[in-house]
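Everything on this sheet refers to the single structure shown next.
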Amino acid sequence: MDTTERGSGMLFADPDPDAARAWFRTKSRRLESKVTTVRDAVRELVADGSYLGVGGFGTNRIPTSLLHEIVRQGRTRLGVAGHTSTHDFQILAAGGCIDRCDVAYAVGLEARGLSKVGRRLFETGALQVTEWTNAALAWRYRAAAMGIPFIPARVMLGTDTLAKSAAVVINCPYTGIPLVALPALYPDVALIHVHRADAYGNCQIDGITVADEELARAAKRVIITCERLVHTDEIRAHPDRTRIPWYLVDAVIEVPFGGYPGNVAGEYFSDETHLQAWMAADIDDASITAFVDRHIRATADFGEYLALCGGLARLQALRAEELMSIPVHEGTRP
Amino acid sequence: MTAYNTTELMICLAARSLEDGSTVVVGTGAPCAAAMLAQRVSAPGLMIMFEAGGVGAKLPTMPISVGDSRTFHLGLYAGSMAEIMEACSRGMVDYAFLGGAQIDPYGNLNSTVIGDHDRPKTRLPGSGGANDLASLCWRTMMIMPQDARRFVPRVDFVTTPGYLTGRGARERAGLPPGTGPHKVVTDLCVIGFDEETCRMRVERTHPGVTREAIAAATGFELIWPDDVPVSEAPTDDELRILRDEVDPYRYIIGRA
């Protein structure tokens, strides 16, 4: 296939499927308990320099406890797939953890505004940046999940997004049309928060899965936090509901309210007040560092952070907001 | 007649151009409000999709995020980003509905950087799904306020493809034939695209807005047909539904 155009961005992860196969060959497929703690999982599975893929969608079903622990343990030089990342990126940026980013969406906090600290990482050249799109990153995970080095698609073509990516334009061997060849993305570690998991790592997710099924299959290591740890019988009763099967998973930790201050569907709504507090602090390095010191570095674990943010009463209010303040018929016409 | 602000006007006019029975992927904010309004006024069968995977929700109120639980509340399908993007790629999504920071005469959008990419003056969020949706959906609708800083001859960075450099450029680049920008709804006018040149052409001006005011708010020449009608102002019914049902907390319309 002819190469007609090549993006100038850096490829941060090796797309070689045989190197990945050699790795995946060594992963245990045994049914054995992977239950551990947030502290141990991060200590053992996330190294300085690791490339991370983060599940959920920015402030929705994000693995906050793992992100905080990465900051608490002072991991540095991390790479991150900026795939629909918002508050997750803000945490890692504020913690001084990252030095490279495959960016489709970072810095922005959707309707809430922008992370100034995240923005400054880009503007000062502190980050190595390669551009992509949301679909491109989801499909790069999919290529990795399929065990192939690239996947063709019809996005990014003709734009500067492609020029600053690490993608290559090829001609289709069947139709002759130009296609973008998206390189497989095998993150070193995936961090994913789910509703339910058993001790082996079989995971159920309620609602949209975003790109987590692809991410879990693409990553070399997968750390799962779950709202509730359940008996395997509950998994076996509904095997069709298993979105991430055990053989993908390296660590399982029960972290109730583990997606706070984000939204977890059917469990609790996002804490807009606390997210505003993050934004108010996210104005300069001193201010955000003080905020992160107080909320993350000075707390022993995620439980202490939740307590600092209002504890059970606040969480129950968010639960009420998720479950009851959305009357079924309000605002909808038959 | 009820008084209205320019955001309300933009949302009402954009809503009118979404057909009943069509599919639309929307971003948060004004695009989502317009689609919700269309559903309640003129297009009850409009199917709203969100790029994170939510399809056909009975949206109880404006989502804060395109991935929050409201985006699939009482929905028909809670899928994945890949499924939504692949539906677009298969040709099953009629409209992409986007906002943008900077736009050029061909409808190319910048939401990545102001200034040089590698040492930008201002870093913006990036494409997100905008490039994907504008590449793959049949028609791209945009809502953005119009001024000479946003409507520029050349965008600093083409994040999201409009007609690129003109007629045929999308197809030459490999984008699916028959796709591209459809309308830009601004606070001054409704803009379409000339079939020959693929450049912006004024379709309607808003009530009370002069040609001079529009020209002054645009950093390039707009095509003006001989006869440019004036948009019909939002009706009382549209405004009531927008204010009471779509955005009761005035997240979007209150900011004007």
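Residue numbering restarts at 1 for every chain, and letters A, B, ... go by the order of the sequence lines.
With a threshold of 4.5 angstrom between heavy atoms, V103(A) approaches chain B through side-chain atoms but not through N, CA, C or O. With a 4.5 angstrom heavy-atom cutoff, I177(A) does not touch chain B via any of its atoms. Only the side chain of T28(B) comes within contact range of chain A, judged by heavy atoms closer than 4.5 Å. Within the 4.5 angstrom heavy-atom criterion, only side-chain atoms of F72(B), from C-beta onward, approach chain A. For R61(A), no part sits under 4.5 Å from any heavy atom of chain B, backbone or side chain. Contacts between A163(A) and chain B at a heavy-atom distance below 4.5 Å are absent for every atom of the residue. Interface remark: E86(B) contributes backbone and side-chain atoms alike to the contact with chain A (heavy atom separation under 4.5 Å). With a 4.5 Å cut-off on non-hydrogen atoms, E214(A) touches chain B through its side chain but not through its backbone. If you measure heavy-atom distances from I64(B) to chain A, the contacts under 4.5 Å come from both the backbone and the side chain. Within the 4.5 angstrom heavy-atom criterion, only side-chain atoms of L136(B), from C-beta onward, approach chain A. Proximity to chain B (any heavy atom under 4.5 Å) is restricted, for T59(A), to the side chain, taken from C-beta onward. The parts of T159(A) that come within reach of chain B are both its backbone and its side chain, each placing non-hydrogen atoms under 4.5 angstrom from that chain.
The shortest heavy-atom contact between P125(B) and G108(A) is CG-CA, 3.8 Å. The shortest non-hydrogen separation linking A173(B) to P178(A) is O-CB, 3.7 Å.
Of all the listed residues (P63(B), S135(B), G126(B), A52(B)), the one sharing the greatest number of non-hydrogen pairs under 4.5 Å with chain A is A52(B). Ranked by non-hydrogen atom pairs under 4.5 Å with chain A, the options L124(B), T160(B), T122(B), D118(B) are led by T122(B). Each of A134(B), G53(B), P161(B), S127(B) has some count of heavy-atom pairs under 4.5 Å with chain A, and the biggest count is that of S127(B). Each of G115(B), P176(B), S89(B), G29(B) has some count of heavy-atom pairs under 4.5 Å with chain A, and the biggest count is that of P176(B). Most heavy-atom pairs under 4.5 Å with chain A: of the set L164(B), N110(B), T71(B), V155(B), this distinction falls to L164(B). The candidate with the highest count of non-hydrogen atom pairs below 4.5 Å against chain B, out of L137(A), T124(A), T84(A), is T124(A). If you tally non-hydrogen atom pairs under 4.5 Å between each of R119(A), H83(A), K164(A), E213(A) and chain B, the highest count goes to K164(A). Of the residues considered (M62(B), R170(B), H117(B)), H117(B) shows the highest number of contacts with chain A, using heavy-atom pairs under 4.5 Å.
Using modelled atom types, no side-chain atom of D132(B) and backbone atom of T133(A) make a donor-acceptor pair closer than 3.5 Å. Judged by distance alone, the side chain of T161(A) and the main-chain N or O of T159(B) form a donor-acceptor pair under 3.5 Å.
Annotation: side chain of M81(B) is not in contact with side chain of I208(A) (no heavy-atom distance under 4.5 Å). Using a 4.5 Å heavy-atom cutoff, the side chains of T112(B) and D160(A) are not in contact. V113(B) places none of its side-chain heavy atoms less than 4.5 Å from the side chain of F122(A). No side-chain heavy atom of N131(B) sits under 4.5 Å from any side-chain heavy atom of W132(A).
Between E131(A) and R123(B) there is a salt bridge, since at least one side-chain N of the basic residue sits less than 4.0 Å from a carboxylate O of the acidic one.
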May I have the step-by-step check of side-chain hydrogen bond (donor to acceptor under 3.5 Å, both in side chains) for S69(B) and E322(A), ending in yes or no? CA-CA 8 Å; S69(B) 53; E322(A) 174 71 6; 2.8 Å; yes
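The distance from the OG atom of S65(B) to the NE2 atom of H87(A) is 13.0 Å, given to the nearest 0.5 Å.
Atom CZ of R90(B) is surrounded by more than 12 heavy atoms from other residues, nucleotides or ligands within 6.0 Å.
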